[in-house]
Amino acid sequence: QVQLVESGGGLVQAGGSLRLSCAASVRTFNTYVMGWFRQAPGKEREFVAAISRSGGTKDYADFVKGRFTISRDNAKNTVYLQMSSLKPEDTAVYYCAASLTTIPTMRPELYRYWGQGTQVTVSS
């Protein structure tokens with residue numbers, strides 16, 4: 001069983017930045033591909049970013065390329081999402097997730113473990 005706990009959400013003005021963290025309670029953190037997803041009110045959950053087990057490969061949704069950066073620290077069992085140039089449409093609950101796939105994936109059904117989410121609100 002893997003427990004994931006997100007933190008770092010909050011209220012920020014458009015154009016601002018936030019860094020989300022996701023701490024995993026598992027010894028074998030470096031065997032999991034990690035991903036970030038988000039869900040806005042009335043919308044389906046959507047892929048944001050994913051990172052390989054070593055951190056060497058990253059994948060992003062088109063709408064965050066150039067603005068968000070995913071990273072991980074396997075020594076700290078933590079994955080991060082640095083968000084910059086935030087827009088009101090980035091407002092959502094952000095979830096981190098862990099997958100046993102061998103490469104980063106944007107398919108939510110391939111992620112076995114999910115955090116409880118952290119709210120990000122971007123004001124205009």
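Numbering of residues begins at 1 and proceeds along the displayed sequence.
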Worksheet item: Shared ILVMFWY cluster between W36 and M106, side chains joined below 4.5 angstrom?
Response: no
Worksheet item: Should the ring pair W114 and Y95 be called parallel, tilted or perpendicular, given that the plane angle runs from 0 to 90° and is split at 30 and 60?
Response: perpendicular
Discussion item. Rounded to the nearest 0.5 Å, what separates atom NZ in K43 from atom CD in E89?
Written reply: 8.5 Å
Worksheet item: Distance from I51 atom CD1 to D59 atom CG, nearest 0.5 Å?
Response: 11.0 Å
Worksheet, complete the sentence: When rounded to the nearest 0.5 Å, the distance separating OG1 of T121 from CG of L11 is 6.0 Å
Worksheet item: Between S85 and F68, does a side-chain contact (heavy atoms from CB on, under 4.5 Å) hold up when you go through it step by step?
Response: CA-CA 8 Å; S85 301; F68 292 8; over 6 Å; no
Practice prompt. Using atom types as modelled and distance alone, determine if a side-chain donor or acceptor of E6 lies under 3.5 Å from a backbone N or O of C96.
Written response: yes
Worksheet item: R72 side chain to F29 main-chain N or O, any donor-acceptor pair under 3.5 Å?
Response: yes
Fill in: Closest approach of A97 to L4 (non-hydrogen atoms, all atoms of both residues)
CA-CD1, 3.7 Å
Worksheet item: Hey, are the side chains of V122 and Q13 touching, using non-hydrogen atoms and a 4.5 Å cut-off?
Response: no
Worksheet item: Does K87 pair with D90 as a salt bridge, N-O distance under 4.0 Å?
Response: no
Discussion item. Would you say the rings of F37 and F47 are close, in the sense that their centroids are separated by under 6.0 Å?
Written reply: yes
Worksheet item: Got a donor-acceptor contact below 3.5 angstrom from the S17 side chain to the S84 backbone?
Response: no
Discussion item. For E44, is the CD atom crowded, meaning more than 12 foreign heavy atoms sit under 6.0 Å from it?
Written reply: no
Discussion item. Check for me, please, whether V64 and V93 land in the same ILVMFWY cluster - side-chain distances under 4.5 Å, paths through other members count.
Written reply: no
Worksheet item: So with a 6.0 Å cut-off around CD1 of I103, is the heavy-atom count from everything else above 12?
Response: no
Discussion item. Is it the case that atom CD in Q3 sees more than 12 heavy atoms from other parts of the structure closer than 6.0 Å?
Written reply: no
Practice prompt. Quick one: closest heavy-atom pair of N74 and R53, and the distance?
Written response: ND2-O, 3.0 Å
Worksheet item: Going through the distances and angles, do N77 and N30 end up as a side-chain contact (heavy atoms from CB on, under 4.5 Å)?
Response: CA-CA 8 Å; N77 286 7; N30 61 359; over 6 Å; no
Discussion item. Is any side-chain heavy atom of R19 closer than 4.5 Å to one of Y80?
Written reply: yes
Practice prompt. Determine, step by step, whether E46 and R38 satisfy the side-chain contact (heavy atoms from CB on, under 4.5 Å) criterion, reporting the C-alpha distance in whole Å, the side-chain angles of both residues, the deciding distance to 0.1 Å, and the verdict.
Written response: CA-CA 5 Å; E46 62 182 354; R38 71 185 187 185; 2.7 Å; yes
Worksheet item: Just by distance, do the side chain of S99 and the backbone of V33 share a donor-acceptor pair under 3.5 Å?
Response: no
Worksheet item: Is there side-chain contact between T101 and R107, with at least one heavy-atom pair below 4.5 Å?
Response: no
Worksheet item: Short question: side chain of K58, backbone of T69 - any donor-acceptor pair under 3.5 Å?
Response: no
Discussion item. Between L86 and L18, is there a side-chain heavy-atom distance shorter than 4.5 Å?
Written reply: yes
Worksheet item: Which atoms form the tightest heavy-atom contact between Q119 and A92, and what is the distance?
Response: NE2-O, 3.4 Å
Discussion item. Main chain of I70, side chain of Y60: is a donor-acceptor contact present, judged purely on distance under 3.5 Å?
Written reply: yes
Discussion item. I'd like to know if the side chain of S52 reaches the main chain of T57, judged simply by a donor and an acceptor atom lying under 3.5 Å from each other, with no hydrogens or angles considered.
Written reply: yes
Item to complete: Could you tell me whether the side chain of T78 and the main chain of A23 form a donor-acceptor pair under 3.5 Å?
Response: no
Practice prompt. Side-chain contact test, heavy atoms from C-beta onward, threshold under 4.5 Å: evaluate it for Y94 versus M83 and give yes or no.
Written response: yes
Discussion item. Once rounded to the nearest 0.5 Å, what's the spacing between atom OG1 of T118 and atom CG of L81?
Written reply: 11.0 Å
Discussion item. Please determine whether side-chain contact (heavy atoms from CB on, under 4.5 Å) holds for the pair Y113 and Y32, giving the CA-CA distance in whole Å, both sets of side-chain angles, and the decisive distance to 0.1 Å.
Written reply: CA-CA 10 Å; Y113 302 106; Y32 290 89; 3.9 Å; yes
Practice prompt. Of all the heavy-atom pairs spanning V79 and S71, show the shortest one and how long it is.
Written response: CG2-O, 3.1 Å
Worksheet item: Is there a side-chain contact between T91 and V120 (heavy atoms, below 4.5 Å)?
Response: no
